[in-house]
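Let me begin by presenting the structure, written as structure tokens, before commenting on it.
Numbered from 1 within each chain, the chains take letters A, B, ... in sequence-line order.
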Protein chains: 2
Amino acid sequence: MSDKPEISNAEFEVLDVLWDDHPATSNEVISRLNDKKDWHEKTVKTLLGRLVKKEVLGFEKQQRQYLYYPLIAREDYTKKETASFVSRLFKGKITPMVAGFANQNSLSKQDISELKALIKEWEQNND
Amino acid sequence: MSDKPEISNAEFEVLDVLWDDHPATSNEVISRLNDKKDWHEKTVKTLLGRLVKKEVLGFEKQQRQYLYYPLIAREDYTKKETASFVSRLFKGKITPMVAGFANQNSLSKQDISELKALIKEWEQNND
DNA sequence: CTTTATTGATTACAGTTGTAGTCTATGTGT
DNA sequence: ACACATAGACTACAACTGTAATCAATAAAG
């Protein structure tokens, strides 16, 4: 198995818009990022290139432009990042993390019912 | 209010052992880290120095040695990091994060009952 | 007192990151 | 055909990181 690619913060933003919808040309990526970030066109292209080198993105040539697409799934990435985050900051226990989060970002009623549903589901599968 | 200090991964490990118990001399920090990491003494001292410069650690002189201690609370740090993590990777929603975590690191029965307790508590405070 | 060990301070140095600018080849308008 | 625009490739460069080694001051040991 291959080593986890290190994706920097700025690179992540680029990857994120490609997860939302792909494949996309660099210009599409640039314009979608314009809504959120204030990055120069060249900056985004550098990031795209770095992500390709890191084998996080792939591309196909379409005439003179490239069509970029993610090589790793968002779900896989977020799962691994979450596991390592929780492990580092909370000794691997999610509850304290949720507790701290709840205490700072007050949860909505909907969050709570979603969590309850999640727990119920877990209990049905593990009993 | 001051800007969030950026704490690197290696720096975090040093801060972490100081959160566990402080104040401590550099040698104490070094020896506690030896159990986990394989870092040269000089490396740890560099990291201590950087954390002091970043105003994450403070110290008092004790004869020729320094006694280091954290200037920021673990709770404050983890809360902020969690908020920004959840915001970046899960659009601010904890449930999908917990779901992904559950699906990868199967939760223990205890985790589940802790989560239920947390929810119950929330419901009592917010109704 | 003089040598030695130790502590923090300073310096080193390559790789990564944020943030672009320049170069080169190719498509486009006239 | 020819000048210009444009895409990606390559280059730039300072700050931050990981990972130490060297320097300078001082305490400890003989």
Side-chain angles (χ1 to χ4, degrees), chain A residues 2-18 22-69 71 77 81 84 88, chain B residues 2-18 22-34 36-69 71 77 81 84-85 88:
Chain A
S2 68
D3 42 355
K4 181 179 88 163
E6 282 303 329
I7 298 170
S8 79
N9 289 327
E11 285 161 7
F12 175 81
E13 299 294 332
V14 172
L15 176 54
D16 202 36
V17 308
L18 276 167
H22 56 265
T25 64
S26 58
N27 280 344
E28 282 167 2
V29 172
I30 288 162
S31 82
R32 283 195 235 154
L33 279 170
N34 256 343
D35 297 343
K36 311 250 150 201
K37 300 286 170 176
D38 188 30
W39 286 341
H40 194 283
E41 168 214 357
K42 298 298 190 179
T43 299
V44 178
K45 289 189 174 182
T46 297
L47 294 171
L48 283 168
R50 287 181 183 168
L51 286 167
V52 168
K53 180 176 297 172
K54 290 182 179 183
E55 296 181 84
V56 168
L57 296 184
F59 63 85
E60 280 175 34
K61 283 193 191 183
Q62 184 201 43
Q63 14 142 124
R64 203 154 70 91
Q65 302 204 137
Y66 290 177
L67 287 179
Y68 295 92
Y69 52 87
L71 291 176
Y77 179 78
E81 289 301 303
S84 94
R88 282 168 48 79
Chain B
S2 67
D3 41 356
K4 181 179 88 162
E6 281 304 330
I7 298 171
S8 79
N9 289 327
E11 285 161 6
F12 175 82
E13 299 295 332
V14 172
L15 177 53
D16 202 34
V17 308
L18 277 167
H22 55 265
T25 65
S26 58
N27 280 346
E28 281 167 0
V29 172
I30 289 162
S31 83
R32 284 194 235 155
L33 279 170
N34 256 344
K36 311 249 151 204
K37 298 286 171 178
D38 189 32
W39 286 342
H40 193 286
E41 167 216 358
K42 299 297 190 181
T43 300
V44 178
K45 288 188 175 183
T46 297
L47 295 171
L48 283 167
R50 287 182 183 169
L51 286 167
V52 168
K53 181 176 297 173
K54 290 182 179 183
E55 296 181 82
V56 168
L57 296 184
F59 62 85
E60 281 175 32
K61 282 193 193 186
Q62 183 202 43
Q63 15 139 123
R64 202 153 71 90
Q65 302 203 137
Y66 290 178
L67 286 179
Y68 295 92
Y69 52 88
L71 291 177
Y77 179 78
E81 289 302 302
S84 95
F85 182 83
R88 281 167 48 80

Euclidean distance, [Y] [atom2] relative to [X] [atom1], rounded to 0.5 Å:
X	Y	atom1	atom2	result
A:E11	A:E6	CD	CD	9.5 Å
B:L47	B:E13	CG	CD	10.0 Å
B:Y66	B:K61	OH	NZ	4.0 Å
B:L57	B:R50	CG	CZ	13.5 Å
B:Y68	B:L18	OH	CG	9.5 Å

Using a cut-off of strictly less than 4.0 Å, decide whether [X] has a side-chain nitrogen or oxygen near OP1 or OP2 of [N].
X	N	value
A:W39	C:dT19	yes
B:K54	D:dT17	yes
A:T43	C:dG18	no
A:S26	D:dG8	yes
A:N27	D:dA7	yes
A:T25	D:dA7	no
A:Y66	D:dA9	yes

Rounded off to whole Å, could you give me the [atom1]-to-[atom2] distance for the [X] and [N] pair?
X	N	atom1	atom2	value
A:L51	D:dG8	CG	P	14 Å
A:K61	D:dG8	NZ	C1'	9 Å
B:Q62	C:dT6	CD	P	17 Å
B:Q65	D:dA27	CD	P	11 Å
B:E60	C:dT7	CD	P	18 Å
B:E6	C:dT16	CD	P	19 Å
B:E41	D:dT22	CD	P	13 Å
B:Q63	C:dT7	CD	C1'	10 Å

Could you work out which one of D:dA20, C:dA20, D:dG18 sits closest to the side chain of B:S8?
D:dG18
Note: for B:N9 and A:G49 on DNA chain D, the residue whose nearest nucleotide lies more 5' is A:G49
Looking at A:T46 and C:dA20, is any side-chain donor or acceptor paired with a base atom of the opposite kind under 3.5 Å?
yes
Donor/acceptor link under 3.5 angstrom from B:K42 side chain onto base of C:dT7
no
Pick the closest DNA chain C nucleotide for B:R50 and for B:K45 by heavy atoms, then say which residue is nearer the 5' end.
B:K45
